[in-house]
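Here's the structure we're looking at; comments come further down.
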Amino acid sequence: MTSFFLRGVRLFDGHNVFENTNVLVKDGLVAGVGPEIQADGVPCIDKPGHTLLPGLIDAHVHPEGEFHGPEQAFRFGITTLMDMQNREAAKQKQWAKERTDLPDIKSAHSGATIENGWPAALLKQIIGPEASDFAEWPNVKTVEDAEPYIEQALADGSDFIKLFHERGRAVGLPEGFLVQPSEAVQTAVVQAAHKKNLKVVAHALSLVDTVEVLRAGVDGMAHTFYDEPITQEVKDLYKTSGAWVCATLTPIGILTGEIDDIMNTFASDERISSRVSESNMELLRKETIMKKEGATLKHAVESVQQLKAMGVDILAGSDASNAMASIFGVGLHVELHLLVHKAGLSPLEALRAVTSTTARCFEWNDRGVVEVGRKADLLLVEGNPAEDISDLLNVRGVWRDGVAFKGHPGFPRSA
């Protein structure tokens with residue numbers, strides 16, 4: 001069913017909340033919004049006491065060429081995944097094109113990596129040097145490598161560019177363990193990407209690495225940092241660059257070991273366990289501590305608080321993967337909890353972070369809001385998440401391109 005009418009719902013349209021309104025969907029697109037809109041001969045769904053929202057956007061994930069994680073994300077109302085590094089992104093996108101019970105995928109494909117840099121050097125230690133095609137990863141080590149890398153990224157179908165600028169300081173790796181591109185190389189990649197109208201996001205977990213990539217001119221940060229308190233230099237660079245930040249407080253809290261109680265609370269919630277595989281429930285309780293002495297979630301939270309106060313756009317991303325406790329679907333809801341209850345965003349600001357703000361920053365002009373002409377990627381929840389962000393877990397309906405989600409094997413759609 002790609003044409004239907006939702007009547008009497010509370011609407012969060014990506015920006016603001018409207019009470020007791022109607023939404024008309026025709027042929028997979030939003031065709032009308034407002035209390036005066038009529039059903040116009042299509043099936044009618046009455047849902048008083050429910051809130052309709054744009055489908056959620058997880059601004060930082062790693063699906064790694066498999067579909068079980070994206071399926072799980074979809075069960076939590078996430079209709080778009082921002083894939084930050086994936087050698088099998090083309091396959092991931094094809095699945096999303098063929099199936100309406102998976103999130104759409106926007107991907108960096110292969111990020112601007114360097115031989116023996118992040119994340120390859122660490123992965124070689126964990127899974128072994130022969131366990132992946134590391135030799136085929138991009139090796140952007142000189143300024144001259146920048147333009148050929150961008151040309152290949154375009155040929156691959158990259159929707160944006162991901163830089164890795166990581167010396168391992170925050171996670172406690174010894175100095176020199178990771179090879180790191182120079183600031184000049186990162187600047188060259190940013191400039192080459194911008195010539196082709198590609199947005200650039202950067203991985204950096206330490207303050208010093210964040211400073212360097214902000215100077216390089218990136219459009220946004222894929223993480224905030226957690227090794228040191230925020231400085232005036234960082235704030236000035238955000239202000240002059242106009243960069244946004246995807247906070248990723250959830251993986252940072254996991255790496256510092258400071259949110260175990262929160263993760264256990266989510267793990268014991270039936271709204272979680274009913275939508276999560278048994279193996280992922282075990283992963284949800286997994287400890288993965290990687291930090292230097294003095295690195296703390298507090299530094300990350302305070303950076304978000306101060307950047308928000310300056311007007312910097314805050315995005316919501318989980319860094320979900322198959323390797324740590326920030327699992328698909330759940331990690332994003334934990335992130336929203338932390339943004340509201342730790343970083344001080346209002347529930348309404350958190351809802352914008354996970355919908356319209358991300359769409360605007362990446363210029364995805366077909367999603368992130370409920371407006372006429374936009375994709376009917378929609379989430380229906382019971383309650384009012386604009387007042388209580390945890391109501392986002394009361395999922396009662398998910399649509400992608402106007403197609404209603406009917407459930408996955410073993411996970412029937414919740415009523």
Worksheet item: Are the side chain of R367 and the backbone N or O of R374 linked by a donor-acceptor pair below 3.5 Å?
Response: no
Discussion item. I'd like to know if the side chain of T100 and the backbone of R400 have a donor-acceptor N/O pair within less than 3.5 Å.
Written reply: no
Discussion item. Out of the candidates Q152, K162, K93, only one should pair with H109 under the side chain to side chain donor-acceptor pair (under 3.5 Å) rule; please name it.
Written reply: K93
Worksheet entry | Qualifying residues under side-chain contact (heavy atoms from CB on, under 4.5 Å), relative to T288, sequence neighbours excluded | I254, L255, K286, M324
Practice prompt. Taking atom types as modelled, find out whether H68 and N322 have a side-chain donor-acceptor pair closer than 3.5 angstrom.
Written response: no
Item to complete: Not counting sequence neighbours, which residues clear side-chain contact (heavy atoms from CB on, under 4.5 Å) with E136? List them please.
Response: R87, D133
Practice prompt. Measure from the side-chain N and O atoms of S3 to the backbone N and O of D27, and report whether any donor-acceptor pair falls under 3.5 Å.
Written response: yes
Worksheet item: Do H62 and N86 get their side chains close enough for a donor-acceptor pair, meaning under 3.5 Å?
Response: no
Fill in: Salt-bridge criterion met for R169 and D209 (N-O under 4.0 Å)
no
Worksheet item: So which of L11, T51, L348 actually passes side-chain contact (heavy atoms from CB on, under 4.5 Å) with V17?
Response: L348
Worksheet item: Between the side chains of T250 and S326, does any donor sit under 3.5 Å from an acceptor?
Response: no
Worksheet item: Under 3.5 Å, is there a donor-acceptor pair between the side chain of D377 and the main chain of D401?
Response: yes
Discussion item. Assess, by modelled atom type and distance only, whether the side chains of E258 and T296 contain a donor and an acceptor separated by less than 3.5 Å.
Written reply: yes
Discussion item. Can you tell me if E147 has over 12 outside heavy atoms packed within less than 6.0 Å of its CD?
Written reply: no
Worksheet item: S158 side chain to L154 main-chain N or O, any donor-acceptor pair under 3.5 Å?
Response: no
Worksheet entry | Minimum-distance pair of heavy atoms, taken over all atoms of D391 and V381 | O-CB, 3.6 Å
Worksheet item: Distance only, no hydrogens: is a donor on one side chain within 3.5 Å (strictly under) of an acceptor on the other, for H408 and R75?
Response: yes
Practice prompt. Please confirm whether the backbone N or O of F164 pairs with a side-chain atom of Q180, one donor and one acceptor, at under 3.5 Å?
Written response: no
Worksheet entry | Among V200, V140, T113, V185, side-chain contact (heavy atoms from CB on, under 4.5 Å) partner for L163 | V200
Worksheet item: For the residue pair P103 and P70, what are the closest heavy atoms and their distance?
Response: CD-O, 3.1 Å
Worksheet item: Parallel, tilted or perpendicular: which describes the rings of W95 and F67, with under 30° parallel and over 60° perpendicular?
Response: perpendicular
Worksheet entry | Pairs touching residues 227-266 that satisfy ring-ring contact (aromatic ring centres under 6.0 Å, His included), sequence neighbours left out | W244-F362, F266-H337
Item to complete: Return yes if a side-chain donor-acceptor contact under 3.5 Å exists between E335 and S318, otherwise no.
Response: no
Worksheet item: With distance as the sole test, does N22 use its side chain to make a donor-acceptor pair with the main-chain N or O of P35 at under 3.5 Å?
Response: yes
Worksheet item: Any donor-acceptor pair under 3.5 Å linking the side chain of T240 with the backbone of L237?
Response: yes
Worksheet item: Distance-only, no hydrogens or angles: does the N280 side chain make a donor-acceptor pair with backbone N or O of L283 under 3.5 Å?
Response: no
Worksheet item: Have D83 and Q92 got a donor and an acceptor in their side chains that come within less than 3.5 Å?
Response: no
